[in-house]
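What you see below is based on every heavy atom in this structure, not just the backbone, and it leaves out hydrogens, waters and symmetry mates. Each chain gets a letter, A, B and so on, in the order the sequences are listed, and its residues count up from 1.
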Amino acid sequence: DAKTTQPPSMDCAEGRAANLPCNHSTISGNEYVYWYRQIHSQGPQYIIHGLKNNETNEMASLIITEDRKSSTLILPHATLRDTAVYYCIVRVLTLGSRLTFGEGTQLTVNP
Amino acid sequence: DVKVTQSSRYLVKRTGEKVFLECVQDMDHENMFWYRQDPGLGLRLIYFSYDVKMKEKGDIPEGYSVSREKKERFSLILESASTNQTSMYLCASRGLRPTEQYFGPGTRLTVT
């Protein structure tokens, strides 16, 4: 699976958009981009995933660059409950493939 | 709507004890995973299973074994617990489609 690079920490004001970047310059054509988050003392929670098109769901939007070497997770109106560690992961989808978690980005939403 | 459950949230065991961590999923998923999470080391994969009675070693299988006798249940076994196995243990499951992986709430195990 391709390696990802994320900033270790970010801050965001409550009610503003949080834009979390991820670099995955070695991503291959059949690898998906996944985002998870982990609120303190809980299991990781799935947010969104995509292959090459931008995706949106009720939680967030995922913007993938045309060359697929980077992506941005957007939380449109961050709340205090969005404070968590956010993980960007790339992987192929084969039987038994597994998620490899890096250190992620600690997002702190401030009042 | 609970999807992945783990038998205990907190567990305290003594060195040398045999420890069973149970995980159950109700989504009929083929793939199930056991991770441990430690400060500064992130989530590390211990074992995973992609079918009943099938298991594969992850990145740190030493000191652990697993059992998957039924599709919905994946057990992690510490044959002889040691203090360096004090950690947060997370179970996860995933289907075959390119869908999300669901995690359980975690079990914080302390070995004294």
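The hydrophobic clustering, which links ILVMFWY residues whose side-chain heavy atoms are closer than 4.5 Å, places B:Phe103 and A:Tyr46 together. One hydrophobic cluster, built from ILVMFWY side chains closer than 4.5 Å, cannot hold both B:Leu21 and B:Val4; they sit in different ones. By the criterion of side-chain heavy atoms lying less than 4.5 angstrom apart, applied directly or through intervening Ile, Leu, Val, Met, Phe, Trp or Tyr residues, B:Leu76 is not grouped with B:Leu43; the two fall into different hydrophobic clusters. B:Met88 and B:Trp34 fall into different hydrophobic clusters, where Ile, Leu, Val, Met, Phe, Trp and Tyr side chains are chained together by heavy-atom contacts under 4.5 Å. A:Ile74 and A:Ile48 fall into different hydrophobic clusters, where Ile, Leu, Val, Met, Phe, Trp and Tyr residues are linked whenever their side-chain heavy atoms come under 4.5 Å apart, directly or through other members.
Your options are B:Gln37, B:Gln6, B:Met54, and the one with the most heavy-atom pairs under 4.5 Å with chain A is B:Gln37. Taking A:Glu103, A:Gln42, A:Gln45 one by one and counting their heavy-atom pairs under 4.5 Å with chain B, the maximum is reached by A:Glu103.
Heavy-atom contacts from other residues, nucleotides or ligands closer than 6.0 Å to CZ of A:Arg16 number 12 or fewer.
Taking the six-membered ring for Trp, A:Tyr36 and B:Tyr35 have ring centres at least 6.0 Å apart.
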Given side-chain contact (heavy atoms from CB on, under 4.5 Å), test B:Gln101 with A:Ile89 step by step and report yes or no.
CA-CA 12 Å; B:Gln101 184 162 306; A:Ile89 300 157; over 6 Å; no

In sequence, state the C-alpha distance, the side-chain angles, and the governing distance for A:Phe101 and B:Leu45, and then conclude on side-chain contact (heavy atoms from CB on, under 4.5 Å).
CA-CA 9 Å; A:Phe101 287 78; B:Leu45 182 65; over 6 Å; no

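Of residues 104-112 of chain B, those residues with a non-hydrogen atom less than 4.5 Å from any non-hydrogen atom of chain A are, in numerical order, B:Gly104, B:Pro105.
The side-chain hydrogen bond (donor to acceptor under 3.5 Å, both in side chains) search around A:Asn57 returns none, not counting sequence neighbours.
Between A:Gly43 and B:Leu90, the closest heavy-atom pair is CA-CD2, 3.6 Å.
With a threshold of 4.5 angstrom between heavy atoms, B:Arg44 does not approach chain A through any atom at all.
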